[in-house]
Amino acid sequence: MIVTLAWRNVWRNKLRSSIMVAAMVFGLLGVVLMVGFIQAMTESMIENAIKYQTAHFQVHNPDFLINEELAAWLPGADDMANRLREMEGVGGVAVRQVIDGMVSSAASNRGVRINGVDMAEEVKVTDVAQSIIEGEPLPEEGRNPVMVSKRSGEKLNLRIGSKVVLTFSDVNGEVSGAAFRVSGFFDTPSSGFDEANVFVRRSDLVKYTGLEEAHEVVIRFTDGENLEQHRPTVEGIVGDVGGERGKVRDWGEVQPLLAAMMGSLDISNMITIVIFVLAMGFGIVNVMLMSVFERTREFGVLISVGMTGKKVLGLIVLESLMLGGVGGLLGLVVGMILITITGKLGMPIGAVAEGMGFYGVDTVLYPRVPISTYLIMMAMILLTSLLASLYPARQILKKRPSEALAEKH
Amino acid sequence: MTIQIERLTKIYNPDTDFPITAVGDVTVEIGQGEFVAVMGPSGSGKTTLLNMLGGIDRPTSGRVLIDGEDITALEDKELIGFRRDNIGFIFQDFSLLPVLTAKENVEFVMQLQGRSQRECEARAMELLTEVGLGDRADNVPGKLSGGQQQRVAVARALAPKPRFVLADEPTANLDAATTRGLLDIMQRLNEKEGTTFIFSTHDPRVIGRARRVIVFEDGKITEDRVQGEDRTE
Ligand SMILES: Nc1ncnc2c1ncn2[C@@H]1O[C@H](COP(=O)(O)OP(=O)(O)O)[C@@H](O)[C@H]1O
Ligand SMILES: [Mg+2]
């Protein structure tokens, strides 16, 4: 009976309750979309960083991490790579010689990191070659090919086949350099990465640096989940071959900013949700205060005929829970539908993508909200509705029945 | 069942410069099955007296004994249970729950008592039929006239089989014909169920229907008379 009574009381003032519900639906829609959008953006950033830049694990000489110089090479890099390739679940292991240098064309020049790679293995580790929009990846044959990004190509005024000069210091600290021919333009989602990297064959780079060894070993697993369980094996192999000279880092350690973003995702979502739920809570307090006060006399009657304070409290709490519950459920269901649709079709972010491009965000996002987030939101909404009813209930229960009966309403 | 009112006093704003003695030192006894009108002009203290009798207000001093039990000594919680099981209330403005049907309104207090749904329904229908609204059981109060609503209220008051019914100006919002109809019903139920009825009024036409009239003025009983019933049936 109390449940029926509460439900009918909620809809007694249809307009007021509907407005509250509508406010909750729109608010929740915004929150759900925002959470889904930020989730998608962060995931896109991380996915792209892993896909085009960091892969899953990287091994370096610890000295290289402090000062990226030619001399800080990684002992036994190729042996390490051979053994890592035999590990279960490994998709590819690239060995690179890397050096900071300068790329110059007739038009201009810029500082870049020169990556000396073995193309056949590199394609299994990062998707840079797959992002080529013009030309081809570094060919096996032919003299000194280089892959530059579309962006750098534009700035340096390059075309396929254009000649550029790469300069860097060699193993003796002498300035060295050579002419390379553009074989292809790559275009990854991150403009920051694109502008800072060029790729040449490792065998070519070795010729000019005078150093046989490599600086980094980069590992990609076929499945990106549960990476941490692979770490001990990777570290074991690296330790076996390189001893103290090989430091293993996962993508999060390579790009701590991204790892921090992912780590703070839950917190930032929670803050958004809490702010919404708080605002909603005040709305409910307001609605419940109005609804309860205009029924002061009615509560006086209920208490007079023998309804206990506990039951009156229960009635008011129930009404609030129903109001909040309906708004919350409706808002979350509509939000869920919208997220499912945009998650399937994708949400083009156009101009925003331009700005976010530096960090490697895709131009089309697929918003996603974990089921657990919906559940947490619903739980918080119900809890807040409950709390929001306590103050109005207390105001009524403070009154003596004769006082309540004497009220006009 | 007897109600003994002993030196009952209610003073509003006692600690101010203008204390109002709404009920002053009233002693009176009301017995089983009585049909009593408390008559007096507006402001004479009728509502205050009935509220104290019904345990919804506390006296400044004095006692109300119901079958020897001093209800003024009960805790708030005990008092709520006492009211639920022993006292029926009828209000001037009917005060039915607008979202419940007539039948649900009558069932309500019985459900608070924890009676079975079947029992509640049977009793509600019996009483609604008794007050002539058997066919309106599923109407919400908004769909009923004032007189009909007050008849539902009478049924609600009697549903939990209270020891007595308190009605504060039950006919004040009703026209003459409806008033007559309601009094007929109250009187019949008073006889049939043996329930004591105490109602207040300042309408002289209603007084004639009471067997006992307590005249109240300025918080004091000025007359307490038993009169012959002038109703013919
Ligand atoms: N809550 C209250 N506070 C102060 N005075 C009150 C209060 N309720 C009633 N009174 C006063 O007590 C007197 C009796 O009131 P009441 O019992 O309502 O009389 P009646 O029901 O006969 O009209 C009146 O003078 C009224 O103004
Ligand atoms: Mg009165």
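Since the model is a prediction, treat every value here as computed from it, not as a measurement. Throughout, a chain's letter reflects where its sequence line sits, starting with A, and its residues are numbered from 1.
Here the CZ-CG distance, from B/F35 to B/L183, works out to 6.0 Å after rounding to the nearest 0.5 Å. The OG atom of A/S291 sits 7.0 Å away from atom CG of A/N9, with the distance rounded to the nearest 0.5 Å.
With a 4.5 Å cut-off on non-hydrogen atoms, B/E104 touches chain A through its backbone and its side chain both. Contacts between B/D57 and chain A at a heavy-atom distance below 4.5 Å involve backbone atoms as well as side-chain atoms. Looking at B/D85, there are no atoms closer than 4.5 Å to chain A (heavy atoms on both sides), in backbone or side chain. Within the 4.5 angstrom heavy-atom criterion, no atom of A/K310 approaches chain B.
Your options are A/V301, A/I303, A/T308, and the one with the most heavy-atom pairs under 4.5 Å with chain B is A/V301. Per-residue counts of heavy-atom pairs under 4.5 Å with chain A were compared for B/R84, B/E107, B/R58, B/R156; the largest is that of B/R84. Most heavy-atom pairs under 4.5 Å with chain B: of the set A/G300, A/P401, A/A406, this distinction falls to A/P401.
For B/D25 and B/T9, the side-chain atoms include no donor-acceptor pair closer than 3.5 Å.
Between the side chain of B/N105 and the backbone N or O of B/L100, at least one donor-acceptor pair lies under 3.5 Å.
Taking B/F91 as the reference, nothing meets the ring-ring contact (aromatic ring centres under 6.0 Å, His included) condition, with sequence neighbours excluded.
Counting heavy-atom neighbours within 6.0 Å of B/R7 CZ, excluding the residue itself, gives a total of 12 or less.
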